[in-house]
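Contents: one structure, followed by commentary.
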Amino acid sequence: MENTGRSAEAEQWYRRAAGSGHLPAIAALAIRLCEAGKLHEAQPWLRRASDAGDLGSMVNLGLLLGRTGRAPEAERWLRRAAEGEEAAAMGPLGSLLCELGKWREAERWLRRAGDAGDVTSMVNMGYLLFHTGHKAEAEQWYWRAAAAGDATAAKLLSGRLFRGAREKPRRRWGFRTPD
């Protein structure tokens with residue numbers, strides 16, 4: 001149903017399967033509800049799937065909680081997923097930790113996500129390093145992100161190369177929208 005553009009019917013089938021406790025259906029229903037803008041309704045389903053150990057749902061729950069201003073709870077779910085080796089949680093966790101001023105721990109998660117190829121984490125790693133006075137290493141992260149096609153990193157590099165390193169970077173933490 002979902003693949004043929006009949007999302008309302010797909011949601012009905014997801015609900016039936018989720019109601020019987022089918023974990024993949026619970027996670028799929030939660031994503032469908034998020035995509036439909038029904039965030040309040042999606043949250044209990046995300047919690048249920050997260051409590052059952054679904055790492056992807058933990059990431060989505062953490063992102064949802066972060067966007068609604070519940071940083072401590074968002075951190076808890078993102079951390080649980082990241083520690084479970086869910087790559088999609090590492091960058092958002094690092095970004096959230098930056099927002100909370102936990103720079104050292106943020107660096108660990110942003111570095112892991114950036115090394116795994118997450119371009120947003122590469123840029124955020126550059127910001128973090130620049131902000132903490134490690135300008136040469138920050139520039140290396142910007143180069144990596146620019147080489148991966150990130151326009152923001154390319155713009156920051158051109159500013160640094162043509163105007164020098166006198167500028168302070170804009171703060172760019174925040175959550176990515178769940179895929």
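None of these values were measured; they are calculated from a predicted model. For the numbers below, each heavy atom of this structure counts, side chains included, while hydrogens, waters and symmetry mates do not.
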The side chain to side chain donor-acceptor pair (under 3.5 Å) partners of T132 (sequence neighbours excluded) come to none
Applying salt bridge (charged side-chain N to carboxylate O under 4.0 Å, His left out), can you list everything that pairs with R79, at least two apart in sequence or on another chain?
E75, E105
With sequence neighbours excluded, tell me which residues meet side chain to side chain donor-acceptor pair (under 3.5 Å) with Q140.
none
Residue pairs meeting salt bridge (charged side-chain N to carboxylate O under 4.0 Å, His left out), one or both in residues 13-22, sequence neighbours left out, come to E11-R15, R15-E41
List in chain and number order the residues that pass side-chain contact (heavy atoms from CB on, under 4.5 Å) with A71, two or more places apart in sequence or in another chain; answer none if no residue qualifies.
L96, L100
Partners of R6 by salt bridge (charged side-chain N to carboxylate O under 4.0 Å, His left out), sequence neighbours excluded?
E9
With a cut-off of under 6.0 Å to the ring centre and 45° to the axis, is R144 in cation-pi contact with W141?
yes
What residues form a salt bridge (charged side-chain N to carboxylate O under 4.0 Å, His left out) with D51, not counting sequence neighbours?
none
Residue pairs involving residues 80-92 (criterion salt bridge (charged side-chain N to carboxylate O under 4.0 Å, His left out); sequence neighbours excluded)
E85-R112
Could you tell me which residues satisfy side chain to side chain donor-acceptor pair (under 3.5 Å) with E137, sequence neighbours excluded, listed by chain and number?
R111
Tell me, please, which residues at least two apart from R32 pass salt bridge (charged side-chain N to carboxylate O under 4.0 Å, His left out).
E2, E35
Side chain to side chain donor-acceptor pair (under 3.5 Å) partners of S50, counting only residues at least two apart
none
Among residues at least two apart in sequence or on other chains, which ones pass side-chain contact (heavy atoms from CB on, under 4.5 Å) with A17?
H22, A25
